[in-house]
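So you know, we letter chains A, B, ... as the sequences are listed, proteins then strands, and number each from 1.
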Amino acid sequence: MRISQLFYQTLKEVPREAQIPSHQLMFRAGMIQQLASGIYNYLPLAHKSLRKLETIIREELEKRGCQEVLLPYVQPAELWEESGRWGYYGPELLRFKDRKGGDFCLGPTHEEVITDMVRRNLKSYRQLPWNIFQIQTKFRDEVRPRFGLMRGREFIMKDGYSFDVDEEASKVTYQKMYDAYSAIFSRCGLKFRAVDAATGNIGGDMSHEFQVLAQSGEDLILSCDKCSYAANVEKAVTVRGEATPDSSLFEEVEKVHTPNSKTIEEISGFLKMDTNRFIKSIVYVIDEEPVLVLIRGDLDINESKVQTIMGANSVELADDNTVLDITGAATGFAGPVGLKRKVKILADYSVTEGVNFVTGANENDYHLKNINMGRDYTADILGDITFASEGDKCPHCEGILEEHRGIEVGQVFYLGTKYSKTMNCTYLDKDGKEQLAVMGCYGIGVGRTVAAAIEQHHDEDGIIWPAALAPFEAVVLPLQMNKEEVVQAGEELYGKLKDLGVDVALDDREERAGFKFKDADLIGYPLQIIIGARSLENGEVEVKIRKTGDKKNISLDDVASFVKDFLDKEKAGLS
RNA sequence: CGGGAUAUAGCCUAGUGGCUAAGGCGCCUGCUUUGGGAGCAGGAAAUCGCAGGUUCGAGUCCUGCUAUCCCGACCA
């Protein structure tokens with residue numbers, strides 16, 4: 001590509017709305033432009049990087065027997081009603097009607113469509129396993145899109161779905177995909193961790209996230225300093241079980257007047273007691289049924305764990321009316337003792353650690369002292385619903401958990417029969433018996449991965465592309481465009497590198513040297529091949545390695561093979 | 001969805017109720033220059049987010065709307 005013809009424009013100044021390095025640099029390098037909140041134009045430089053990532057994805061998946069398809073991104077509501085998600089998928093599912101008044105949505109994910117497609121073709125166990133993927137634009141009407149490609153509303157995703165005869169086979173597939181993802185992100189030159197993850201809305205009971213480690217990451221990861229355990233904070237197991245408090249220490253229940261003290265902080269200040277002497281009682285609506293959730297006052301409820309422990313599709317805070325209906329009091333005075341209406345109680349293990357807690361009295365402006373589980377109330381379910389945090393013990397060894405920030409670039413799920421059951425995706429086994437297909441699903445945020453690569457690889461001058469994702473692997477920079485021999489040498493080298501299969505650009509613009517250097521650093525070509533009049537007299541050119549800043553003088557004859565070797569090694573991850 | 005902020009040329013900004021809305025980057029023309037975003041001269045480019053209102057007079061004040069960004073909640 002001749003840079004003089006490239007559709008792009010670099011900027012010296014950072015647009016106001018760009019907050020994190022990848023967003024700023026992609027904008028400044030002329031890779032993306034915003035069209036609306038969370039919706040971007042991908043210019044040629046961005047598109048080239050995206051396509052390179054897609055190629056890596058395709059190679060690694062096809063190597064493992066996956067097949068590519070392309071499914072519609074406009075999807076009929078009927079399928080979503082069938083799976084049940086039309087009802088509880090929130091407003092991020094963009095719904096609309098066609099001219100006939102039929103309900104449709106823009107696909108945020110494709111479990112429904114793929115399951116429908118597969119069930120119409122699946123007849124016999126002989127056909128399985130199937131592992132089908134696509135790379136396509138998705139739409140999620142995020143409440144708060146941000147950070148450029150990191151969290152867009154419209155984004156490119158690779159999504160794949162596997163169908164196996166049974167759980168055992170499906171778990172083999174899961175491991176295969178886990179390996180594929182590790183290979184893909186390694187080839188991209190990314191430092192990442194695969195971590196245990198919650199399954200959230202998509203369901204299933206086993207999942208790993210692939211997290212690129214970066215300061216600007218939105219996810220919190222906890223990993224052991226001794227063993228390989230690592231998990232998203234939503235999922236990280238807390239080492240805590242049911243304690244058996246000494247009932248001889250139980251004191252008599254006492255009602256106290258606590259005007260205007262609703263939050264744990266307020267009441268803790270009012271009674272001059274530490275927050276861990278309280279039990280936080282919060283009413284949730286879990287799959288439309290109200291549940292009182294209890295946790296010690298100094299801890300927070302991990303809704304993701306609540307969802308898992310309850311096997312629920314949705315977990316939401318109850319509104320004030322529901323709270324009033326159940327407790328008979330305003331929000332802020334709920335407690336497990338003296339509820340107006342009997343509801344299920346879900347308690348964290350922490351409420352058994354210690355005795356004589358303070359809870360709401362289910363009466364405005366009153367709390368109860370010396371409340372103890374077993375004597376004063378019982379929990380229907382007791383379990384771990386807290387967040388783990390830095391410094392906690394590792395659940396697998398004697399190590400201590402450390403905290404990291406991560407960008408989730410991929411996630412693999414074992415789905416089991418969640419969708420095949422609701423959508424009746426079955427096959428006949430050897431004995432002619434109908435069986436449910438066992439599914440898995442696997443996603444990669446394509447744009448996000450490219451952005452994450454920039455987050456991890458940049459400096460104050462610009463992007464430092466891993467060779468595998470660089471829009472161009474190298475650029476030839478003839479410095480003196482008024483000198484015939486410099487221009488000539490540039491043209492020849494450019495042609496030679498192209499012939500060798502190097503994805504190379506030629507900066508043939510009538511610009512000064514400094515200008516071209518700044519642009520090249522910003523765009524982040526892994527190699528700059530600098531052709532200056534002075535070194536050319538010695539038959540040499542200079543090669544600058546963007547990653548290290550090293551410059552080498554290399555003879556004109558040898559430079560093409562040097563470039564080729566360097567890039568091959570980079571892409572193979574050998575350097 | 002709660003809280004906060006912003007909106008002036010493609011980008012970054014100035015503009016304290018008063019003359020023809022100013023500067024930098026970028027763009028075009030010419031000259032000069034050619035190893036780290038050069039210099040000089042000239043030029044094009046603005047419905048000051050939209051709609052009302054107050055005022056002799058509004059980019060500036062008021063009201064409503066819209067869009068965008070930030071913090072939080074949320075997020076396969």
Side-chain angles (χ1 to χ4, degrees), chain A residues 8-20 23-24 27-28 30 33-39 83 85 88-93 107-112 138-148 150-153 155 157-161 197-204 207 209 218-219 232 234 300-301 303-304 307 313-317 319 408 410-413 415 418-419 440-445 448 461-462 477-483 486-487 507 509-523 528 530-536 541-542 544 549 551:
Chain A
Y8 88 123
Q9 163 98 71
T10 53
L11 294 175
K12 278 192 208 171
E13 275 149 333
V14 183
R16 199 174 6 187
E17 69 260 25
Q19 297 295 322
I20 61 168
H23 189 193
Q24 294 175 344
F27 202 106
R28 285 189 56 212
Q33 283 173 346
Q34 183 169 340
L35 187 61
S37 180
I39 299 177
S83 73
R85 289 207 291 187
Y88 62 77
Y89 212 110
E92 77 173 27
L93 182 65
T109 175
H110 277 66
E111 283 80 10
E112 282 78 4
K138 298 278 188 274
F139 195 93
R140 290 181 196 171
D141 200 357
E142 293 275 356
V143 197
R144 193 183 154 206
R146 61 187 127 170
F147 302 150
M150 208 60 88
R151 178 170 296 280
R153 289 194 292 172
F155 57 98
M157 179 166 126
K158 170 261 148 181
D159 52 322
Y161 307 87
T199 51
N201 206 351
I202 206 157
S207 177
E209 286 169 351
E218 293 186 89
D219 290 346
N232 191 302
E234 289 181 338
D300 289 318
I301 294 169
E303 291 180 11
S304 175
Q307 182 172 17
N313 286 321
S314 78
V315 173
E316 285 168 23
L317 279 174
D319 58 32
E408 180 199 336
Q411 188 165 9
V412 293
F413 296 87
L415 291 176
K418 180 180 159 88
Y419 293 90
C441 78
Y442 317 94
I444 292 177
R448 187 185 280 184
D461 292 321
L477 302 175
L479 296 188
Q480 297 86 14
M481 293 301 286
N482 57 346
K483 296 217 164 109
V486 171
V487 173
D507 195 344
R509 295 172 300 175
E510 301 280 345
E511 294 288 353
R512 295 160 55 87
F515 188 94
K516 291 187 177 180
F517 288 141
K518 287 288 187 192
D519 239 25
D521 286 346
L522 174 58
I523 291 171
Q528 297 171 19
I530 300 160
I531 302 180
R534 285 204 296 269
S535 45
L536 197 58
V541 297
E542 207 172 333
K544 174 176 164 181
K551 290 182 179 176

Hey, is the side chain of [X] poking within less than 4.0 Å of OP1 or OP2 on [N], counting only N and O atoms?
| X | N | value |
| --- | --- | --- |
| A:Gln33 | B:C11 | no |
| A:Arg509 | B:U34 | no |
| A:Arg512 | B:U33 | no |

To the nearest 0.5 angstrom, please state how far the [atom1] atom of [X] sits from the [atom2] atom of [Y].
| X | Y | atom1 | atom2 | value |
| --- | --- | --- | --- | --- |
| A:Arg146 | A:Glu218 | CZ | CD | 4.5 Å |
| A:Glu142 | A:Arg151 | CD | CZ | 4.5 Å |
| A:Ile531 | A:Leu479 | CD1 | CG | 8.0 Å |
| A:Asp519 | A:Thr10 | CG | OG1 | 3.5 Å |

For the side chain of [X], counting heavy atoms from C-beta on, which of [options] is nearest?
| X | options | result |
| --- | --- | --- |
| A:Arg16 | B:G37, B:U68, B:C12 | B:C12 |
| A:Lys544 | B:C71, B:G35, B:G36 | B:G36 |
| A:Gln19 | B:C12, B:C70, B:G35 | B:C70 |
| A:Val143 | B:C74, B:G36, B:G35 | B:C74 |
| A:Phe147 | B:C74, B:C70, B:G36 | B:C70 |

Identity of whatever pairs with [N] - Watson-Crick or G-U, under 3.5 angstrom:
| N | result |
| --- | --- |
| B:C69 | B:G4 |
| B:C11 | B:G24 |
| B:U47 | none |
| B:A41 | B:U29 |
| B:G18 | B:C56 |

- request: Take A:Pro108 and A:Glu510, find for each the nucleotide of RNA chain B with the closest heavy atom, and name the residue whose nucleotide sits nearer the 5' end.
  value: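 It is A:Glu510 whose nearest nucleotide is closer to the 5' end.
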- prompt: Between A:Leu479 and A:Glu408, who's closer to the 5' end of RNA chain B by nearest nucleotide?
  reply: A:Leu479
Tell me: [atom1] of [X] to [atom2] of [N], nearest whole Å?
| X | N | atom1 | atom2 | answer |
| --- | --- | --- | --- | --- |
| A:Glu142 | B:C69 | CD | C1' | 16 Å |
| A:Gln307 | B:C74 | CD | P | 12 Å |
| A:Lys516 | B:A38 | NZ | P | 13 Å |
| A:Glu209 | B:C75 | CD | P | 13 Å |
| A:Leu35 | B:A67 | CG | C1' | 13 Å |
| A:Gln34 | B:A67 | CD | P | 13 Å |
| A:Glu218 | B:C75 | CD | P | 13 Å |
| A:Glu17 | B:C70 | CD | P | 9 Å |

field: Summary of protein contacts for nucleotides 24-30 of chain B, nucleotide by nucleotide, where a base hit scores B, a sugar-phosphate-only hit scores S (4.0 Å, heavy atoms)
entry: BSS----
What is the nucleic acid contact for [X], judged by heavy atoms within less than 4.0 Å: base, sugar-phosphate only, or nothing?
| X | result |
| --- | --- |
| A:Asp519 | base |
| A:Arg153 | nothing |
| A:Gln480 | base |
| A:Met481 | nothing |
| A:Glu542 | base |
| A:Leu522 | base |
| A:Pro15 | sugar-phosphate |

message: I'd like to know if A:Arg144 reaches the base of B:C74 with its side chain such that a donor and an acceptor end up less than 3.5 angstrom apart.
response: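 No.
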- prompt: Is any side-chain N or O of A:Lys518 under 3.5 Å from a base N or O of B:G35, one able to act as donor and the other as acceptor?
  reply: no
Atom pairs under 3.5 Å: protein N/O with N/O of nucleotides 64-66 of chain B:
none

task: Mind running side-chain contact (heavy atoms from CB on, under 4.5 Å) on A:Lys158 and A:Tyr442 for me, showing each step along the way?
output: CA-CA 8 Å; A:Lys158 170 261 148 181; A:Tyr442 317 94; 3.8 Å; yes
What interatomic distance, in whole Å, is found between [atom1] of [M] and the corresponding atom of [N]?
| N | M | atom1 | value |
| --- | --- | --- | --- |
| B:A46 | B:G23 | P | 15 Å |
| B:U34 | B:C70 | C1' | 44 Å |
| B:A9 | B:U47 | P | 8 Å |
| B:C28 | B:C19 | C1' | 30 Å |
| B:G42 | B:C25 | P | 15 Å |
| B:G10 | B:G4 | P | 32 Å |
| B:A14 | B:C48 | C1' | 13 Å |
| B:A21 | B:C75 | C1' | 44 Å |

query: Are A:His110 and A:Lys138 close enough that some pair of their side-chain heavy atoms sits under 4.5 Å apart?
result: yes
Atom pairs, N/O to N/O, protein against nucleotides 3-5 of chain B, distance under 3.5 Å?
none

- prompt: Going through the checks in order, is the side-chain hydrogen bond (donor to acceptor under 3.5 Å, both in side chains) test met by A:Gln528 and A:Asp521?
  reply: CA-CA 9 Å; A:Gln528 297 171 19; A:Asp521 286 346; 2.6 Å; yes
[X] and [Y]: which non-hydrogen atoms are nearest, and at how many Å?
| X | Y | result |
| --- | --- | --- |
| A:Ala18 | A:Gln24 | O-NE2, 3.2 Å |
| A:Lys12 | A:Arg28 | O-NE, 3.6 Å |
| A:Ala520 | A:Leu477 | CB-CD1, 4.2 Å |

Candidate pair A:Ser535 and A:Glu542, rule side-chain hydrogen bond (donor to acceptor under 3.5 Å, both in side chains), full reasoning: CA-CA 8 Å; A:Ser535 45; A:Glu542 207 172 333; 5.1 Å; no
query: Given A:Glu111 and A:Arg85, is the side-chain contact (heavy atoms from CB on, under 4.5 Å) satisfied, shown in steps?
result: CA-CA 10 Å; A:Glu111 283 80 10; A:Arg85 289 207 291 187; 2.8 Å; yes
query: Stepwise, does the side-chain contact (heavy atoms from CB on, under 4.5 Å) test hold for A:Lys544 with A:Ile530?
result: CA-CA 7 Å; A:Lys544 174 176 164 181; A:Ile530 300 160; 4.1 Å; yes
